[in-house]
Structures are given as C-alpha cells and as structure tokens.
Protein chains: 2
Amino acid sequence: MSSSNAIGDSSVIQQRNLVEQVADYLTQSIISQKFAPGERLSEVQLARGLGVSRAPVREAARLLESRGLLVSQPRRGFFVRALDAAELNDIFDLRLCLERHAMARLVGDFDADKERSLRRQVEVMCEVAAGDSESRKIEEDLVFHRMVIAFAGNRRLLKAFDDITHELRLCIALIGKTHADPDSISTSHWLLLEALASGDPDRCREAIDYHIGVARDYVVQGIGECAT
Amino acid sequence: MSSSNAIGDSSVIQQRNLVEQVADYLTQSIISQKFAPGERLSEVQLARGLGVSRAPVREAARLLESRGLLVSQPRRGFFVRALDAAELNDIFDLRLCLERHAMARLVGDFDADKERSLRRQVEVMCEVAAGDSESRKIEEDLVFHRMVIAFAGNRRLLKAFDDITHELRLCIALIGKTHADPDSISTSHWLLLEALASGDPDRCREAIDYHIGVARDYVVQGIGECAT
DNA sequence: GTTCGACAAACTGTCGACAGTCGACAGGTG
DNA sequence: CACCTGTCGACTGTCGACAGTTTGTCGAAC
C-alpha cells in the first residue's frame, strides 16, 4: 500500500482500523452530498481512490448499510440511500416513539445532576446557535437528545437512537439547513428541560410531541421543496 | 472450492449468497447453543469447517454483529453475545416502547381485514401450542407481533422491531422454553386483539403493557435460573 | 513455588487475483 | 423501425496469501 492515501493525513499514526476510516470518509461524503442520493458506488473505484484494497471498503459499506446510509443490491453493489417524504415521516415517528419512552422513564428519577448536565448542554447549543456551522449546531442538538436518552438508563434504547441518528444526519443534511429560527431552538429545548424538572409525565409527553412534531414538519417540508 | 460444503448444499436453482448461508448457519448455531454464550469464534476454523473462505464468514459475522448476536473486539475477533438480566430488561423495555407505539398507531385505523388476519394468526398459534416444537411456537408468536407492527404502517418501526427480534430469539432460546402455560399464550393474545377492536387507546396500552410485562418477567426469571 | 520474559502458534487485518454475472451496445432479423 | 441476440467490458463474490499482533507455553531466574 502506498504511504499516503486520500483518507486522512498518513503522517498521523493510524491506530484506527482502515474500515472505520473508510466508513468516516463515506459518511462525510454522503452527508456533504459529495455522493448524490441514489448514486451507485463502485468498490474498485473507491478503493483505488482511497489507496486501499477492496476488503475494508466493502466492510465499511456494509457498516453504512446497517446504519441506513447505503442500500445494497445483490451483484450490483451499493447505492446511496435516497429518502422520500414517507420514509422521513417514518424516521421521525420512530424518533418520537423512542424519545417519548426515554422522557417517561427519565422523569421518574430526574435529579439535580442530570438537570445540570442538560442545562449546560442547552447553553452550549445557544452559544453555537450564533455563528457556528450548521453541522455543529446539528451535532450539539443531537448531543442533547442523546443525553436525555442516555439518562433514561436503557442502553438498548440508546443504541436504537444511535441507529436512527445516522439517518437523521442524512435527512437534515439533505434539506441543507437546520431550524429556521436560532432562538426557537433554545426555547424549544428549555421547554423540554422544564417539563422534565416539573416531574409531570403528561407535560413531558406534550413537550416532546411538540418538539419532534416541529422538527418533523420542518424537515418534511424541506424535503418537499428539494424534490424536483 | 469443493462442490459440496457443510452448510446445506441445497441444489435449488436459486443459489443464495454464501454470506447469507453462513449467516443462517451461525444464527442457528447460536440459537441452538451449539456455540456457548461468550465463546470466541475463529474465522479460519469456521471457514474451514464450512468449506468456504474467510471473506464470506467475516461478512456474515459482521451481519450478526449488527443484529446483536455477536460482538467483536478489534484484533481479537468475534464472540457470541452473552446477555445478562439487565440487558434483557433493556431489550424488553425497548420492545414495549415499540409495541406500545405500534398499538397506538394501529388502533386509529383498525379495520376488519387487519382483525381477520390477526385473528387467523392467533388461531395458528393455538394450533401449534399443542404439540409443535418450541422454536415453532416462538416463531408464530413473533409473527403475530410483527403483524401488529407492520399494520401500524411505519416501515422504519418495523425494521427496529426486526432488529430486536434476533436478540429476542437469542434470549428466549437461552432460557430454553417458551411461556409456561400454552393456554395463557392464546388468552393473552386474544386480549390484545380485543383491545385493538375496542378502539380504546388506553385499553390497548394496558393490554400490551401487561403482555410484554409477563413475557419479560418470565424471561428475566428464566435467565436468573440459568445464571451460574 | 511463583513470576517474568522469550519464543512459537494462531489469528486478524489487509491485499491482489480470478471467475461468474450483470448491463450496455452493436449487429442481425422480422 | 422495433425487437431479439451475441459480444464485450466492468463489477461483485470469493479465494488464497502475507504481515503484524495477540495469546499461550515453556523455561529460567528469584
């Protein structure tokens, strides 16, 4: 193998697997629309371009397939996942399902430590809402919701959320922008926090239903505009 | 490669992927406890035993890893997933989360066709409850719940359920037996069906909570007895 | 008897290569 | 002109091999 490849700087000691590096490269390329939705990816071309053999490319592609970023057809290879409005609705409905459950579990033993952590995260989100990149805002947003689910204490639930997280990044990236109003983001998350602090399950449910509903409507509308 | 291998060599016209065949073999071996929980699986030994090369074995193992039947450690290989009581609780809690959501969605547009299909499936379950194998009973049970979720109309939700289905098979197989009482199975599912037919969301939620709760308690208790 | 280190075996990560298969395209036929 | 068919190129599925790492063992030192 050549001493340098297109994945990253080979001057840095590469402790990590080639598979992970290729997976990261593919993920970034898909998120950044370098690869168009529905586009066919050739294993040989990717391997040649990255300076690695087909084996790690293949494994990375399988990984992204399990994450829903690629789909494979037997004997035909991998294609970039193309999402339509219906699938987007399904993803957000599943997200609502998971987050409702997490909120309900969490409100039972919500304590000061958890509240402080979440509060700090919202503050971070407020900071980055001003001038940082869109992807940074999205990441901090996802961190908040991931914290809520992690605090719920069900690791399998967290794994399910991580699974759809990749798809969420994809569809959010597809519409090219995050929430319209920077202020609405923080407000919306403060409401979630207050609902948790109130200890009222019904209020939690209302808050998360509203929160996810707004996000879903925004994304579905965005994808509708993107559609030719 | 030799013309016959140890997988199954079904000379059907449709020749399936080696990967799928190896995956099926591994799945069966894990479910049937031919491979003990926590056991290390050697790629070379598996490949040699099955008469294939390491590539399809590796891909199949990655597939099972994504399904939660195997776990991998870098440079060390694959290990059969070992479930403890806590993980089992998490899995059933996630299952409850998904099925609650599906029931809530389904009760909104429950019609005669869906009711008929589910009713027929419960009848099938009653038939096999008498003398068929344990695995058959489990499969028919899962078919019922999968139908409920499929009728809810969210394909992504169905995929999430299919994901934990593999883990459910594993943990049910671990305790070696299905529900204690054959009659209770049918009764319990009739209750779900009646709740859906009633059109009452609260009744649906009560029914599914009870149903999953019983199953979880049974399995958690079973795993507790199995634990050394 | 215990602990440490070197050596050997086995295994994973990665690579290049071959064969079967799919899709495109040119050429022939109605 | 439309349709079928044979050929060609490209690609995936699969294989065997090599290198580096992990693991287990055996002997020596304390």
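Predicted model only: the values in this text are computed from it and were never measured. Letters go in sequence order (proteins before strands), and every chain restarts at 1.
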Measure all distances between protein nitrogen or oxygen atoms and nitrogen or oxygen atoms of nucleotides 7-13 of chain D, and list the pairs falling under 3.5 Å.
unit_1, atom_1, unit_2, atom_2, d
D/dC11, OP1, A/Q45, NE2, 3.4
D/dT12, OP1, A/E43, N, 3.3
D/dT12, OP2, A/E43, N, 3.4
D/dG13, OP1, A/R75, N, 3.4
D/dG13, OP2, A/R58, NH1, 2.6
D/dG13, OP2, A/R58, NH2, 2.7
D/dG13, O5', A/R58, NH2, 3.4
D/dG13, N7, A/R54, NH2, 2.9
D/dG13, O6, A/R54, NH1, 2.9

* Using distance alone, with no hydrogens and no angle criterion, decide if A/H189 and A/D141 have a side-chain donor and acceptor under 3.5 Å apart. => yes
* salt bridge (charged side-chain N to carboxylate O under 4.0 Å, His left out) between B/E123 and B/R119, intermediate numbers included -> CA-CA 6 Å; B/E123 287 166 1; B/R119 192 174 296 273; 6.0 Å; no
* Before accepting this row, confirm whether a basic side-chain N of the pair A/R216/A/D93 lies closer than 4.0 Å to the acidic partner's carboxylate O. => no
* **A/F35 and A/Y25 aromatic ring geometry - parallel, tilted or perpendicular at 30°/60° bounds** => perpendicular
* Let me see the working for B/R146 and B/T165 under side-chain contact (heavy atoms from CB on, under 4.5 Å), right down to the final yes or no. => CA-CA 9 Å; B/R146 191 175 191 278; B/T165 290; over 6 Å; no
